[in-house]
Structure formats: C-alpha cells, structure tokens
K.L.:
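Below: one structure in structure tokens.
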Amino acid sequence: MNLESSRLYYRELQQSDAEAMFAMECIPEVHRYLYDEIATDIQETHDVITYIRSQYTEEGIGRMATFLKDTDEFIGWTGLKLESSADSSKKFYDVGYQLLPKFWGRGYATEATLFFLDYAFNTLQAHEVNAYAHTTNAASIRVLEKCGLHPVQQFASDGRDMVWFSIKK
C-alpha cells in the first residue's frame, strides 16, 4: 500500500527500514512523551516492524513509514492503528506519529494526521478516530486540535498524565 499527501508519501514499514527506525528510536527527545524505552538493540526495532506488519495482515492497517516526496528521506512513522479497549469489548482507530526531531515544527505531523483522518473516514468508513497525548506535550496537542480532534478526558497511565482525543465523522 503506497499513499501520498502534498509533501509526503507513506508506505508499509519493511524490515529494510529498521536501521532508520532504530536511529530514531535511540534519540532521547523522541521518547520524552512515549511509553516505550529508548531502543538499545536493533533487534527490538525488527520486532516492532514484524508486529506492525502483522497488523497490516490481521487488521488491514498499521503505522506507515513516512518520507519526504522531494528527497525520499525517511522522516518517521505516521498513520492509523486499530486498537482494542482495555476490556477488549471495542475496537477503535488511533491516529499517531513519531518523527525525527529535525522534522518537528514543519507541519508534517499535521499533514500526515489530516491525510490519515481522511483515509479513516472515507476509505475505511470509520465513524470515529481517537488519539492520545501526554498533557505536557503541547506540540502534539496543538497538532491534534488543529486537525479537529477534541479532548474528551484526562487519564493516568503508567504514572503519566494523558489526554484522550476524539473526532467523529
């Protein structure tokens, strides 16, 4: 599956992306607001890619490798993921992104989020898309709100204060 927006293109993550993803996963800034730890072994990245690739097969969607159209440069991952509620009674689409810091503040997260919201509502026929962000991650909160997602509730997870966002078709 290859998709594109005005400045970016998106494709399924491949094992050949492991080196670029591992380099991103080793940057402490990238993990400031995330649950996972900084990668210490490239095998961890291969395992993540294997898991994401299984989502393509099992769920028909998953996070996508994201590149600049002009240069073919890997900037991170973006896209949708089908998640299950805590009690597994409901599935929902989560939109998310993780970009290399040198690409922060350039509108790429907003462009990708808008693209994948459109994809969710118009291609996948989703009725709602969710996202979450750390309460102190002002940049991600700004992206989500700019894309039309609204804060629904605050919650604590693993000792972190989070905000749950939602947008309905």
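Worth knowing before you read on, the calculation uses all heavy atoms, side chains too, and leaves out hydrogens, waters and symmetry mates. Numbers for residues simply follow the sequence, beginning at 1.
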K.L.:
Among all residues two or more places apart in sequence or in another chain, which pass the side-chain contact (heavy atoms from CB on, under 4.5 Å) test with Gln153?
P.N.:
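Counting only residues at least two positions away or on another chain, Gln153 forms a side-chain contact (heavy atoms from CB on, under 4.5 Å) with Phe155, Trp164.
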
K.L.:
Sorted by first residue and then second, give each side-chain hydrogen bond (donor to acceptor under 3.5 Å, both in side chains) pair with at least one member in residues 137-147; sequence neighbours left out.
P.N.:
Tyr97-Ser140, Asn137-Ser140

K.L.:
Please confirm whether the backbone N or O of Gly79 pairs with a side-chain atom of Arg63, one donor and one acceptor, at under 3.5 Å?
P.N.:
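Yes: the side chain of Arg63 pairs with the backbone of Gly79.
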
K.L.:
Would you say the side chains of Asp72 and Tyr9 form a donor-acceptor pair under 3.5 Å?
P.N.:
yes

K.L.:
Pro101: what forms a side-chain contact (heavy atoms from CB on, under 4.5 Å) with it, not counting sequence neighbours?
P.N.:
Ile27, Glu29, Val30, Trp104

K.L.:
Kindly write out the residues that satisfy side-chain contact (heavy atoms from CB on, under 4.5 Å) with Thr123, not counting sequence neighbours, or none if the list is empty.
P.N.:
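Per chain and number, Thr123 pairs via side-chain contact (heavy atoms from CB on, under 4.5 Å) with Tyr119.
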
K.L.:
Work out which heavy atom in Gly148 is nearest to a heavy atom in Ile167; give both atom names and the distance.
P.N.:
O-CD1, 3.5 Å

K.L.:
Is Lys169 atom NZ crowded by more than 12 heavy atoms from other residues, nucleotides or ligands, each under 6.0 Å away?
P.N.:
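Yes, enclosed.
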
K.L.:
Please report the C-alpha distance between Trp77 and Leu99 in whole Å, then the side-chain angles of each, then the deciding distance to 0.1 Å, and finally whether the side chain to side chain contact (heavy atoms under 4.5 Å, CB included) criterion is met.
P.N.:
CA-CA 6 Å; Trp77 60 255; Leu99 304 179; over 6 Å; no

K.L.:
Give me the atom names and distance for the closest heavy-atom approach of Leu144 to Ala133.
P.N.:
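Here Leu144 and Ala133 meet closest at CD1-CB, 4.2 Å.
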
K.L.:
Do Lys102 and Glu73 meet the salt-bridge criterion of a basic N to acidic O distance under 4.0 Å?
P.N.:
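Judged by the 4.0 Å cut-off on N to carboxylate O distance, Glu73 and Lys102 do form a salt bridge.
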
K.L.:
Could you pull out the closest heavy-atom pair between Asp17 and Ile49, with the gap in Å?
P.N.:
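Closest approach of Asp17 to Ile49, heavy atoms only: C-CD1, 4.1 Å.
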
K.L.:
For a quick test of your reading: what N or O donor-acceptor pairs under 3.5 Å do the side chains of residues 109-118 make, sequence neighbours left out?
P.N.:
residue : atom : partner : partner atom : Å
Glu111  : OE1  : Arg7    : NE           : 2.7
Glu111  : OE1  : Arg7    : NH2          : 3.1
Glu111  : OE2  : Ser5    : OG           : 2.6
Glu111  : OE2  : Ser6    : N            : 3.2
Glu111  : OE2  : Ser6    : OG           : 3.3
Glu111  : OE2  : Arg7    : N            : 2.7
Glu111  : OE2  : Leu8    : N            : 3.4
Thr113  : OG1  : Ala109  : O            : 2.8
Asp118  : OD1  : Asn122  : ND2          : 2.6

K.L.:
Sub-3.5 Å donor-acceptor pair from the side chain of Arg160 to the main-chain atoms of His134, do we have one?
P.N.:
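It does not hold such a pair.
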
K.L.:
Does a sphere of radius 6.0 Å around CD in Glu19 hold more than 12 heavy atoms from other residues, nucleotides or ligands, not counting ones at 6.0 Å or beyond?
P.N.:
no

K.L.:
How close do Val48 and Met21 get, heavy atom to heavy atom, and via which atoms?
P.N.:
CG1-CE, 4.4 Å

K.L.:
Check whether any side-chain heavy atom of Lys91 sits under 4.5 Å from a side-chain heavy atom of Glu83, and report yes or no.
P.N.:
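No; the side chains remain at least 4.5 Å from each other.
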
K.L.:
Determine, step by step, whether Tyr10 and Thr78 satisfy the side chain to side chain contact (heavy atoms under 4.5 Å, CB included) criterion, reporting the C-alpha distance in whole Å, the side-chain angles of both residues, the deciding distance to 0.1 Å, and the verdict.
P.N.:
CA-CA 8 Å; Tyr10 317 94; Thr78 60; 3.4 Å; yes

K.L.:
What distance do Gln98 atom CD and Phe103 atom CZ have between them, rounded to the nearest 0.5 Å?
P.N.:
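The distance works out to 13.5 Å.
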
K.L.:
Remaining members of Ile42's ILVMFWY cluster at a side-chain heavy-atom cut-off under 4.5 Å?
P.N.:
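Grouped by the 4.5 Å side-chain rule, Phe22 form the rest of the cluster around Ile42.
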
K.L.:
When you measure from the side chain of Asn2 to the backbone of Arg11, do you find a donor-acceptor pair of N or O atoms at a distance under 3.5 Å?
P.N.:
no

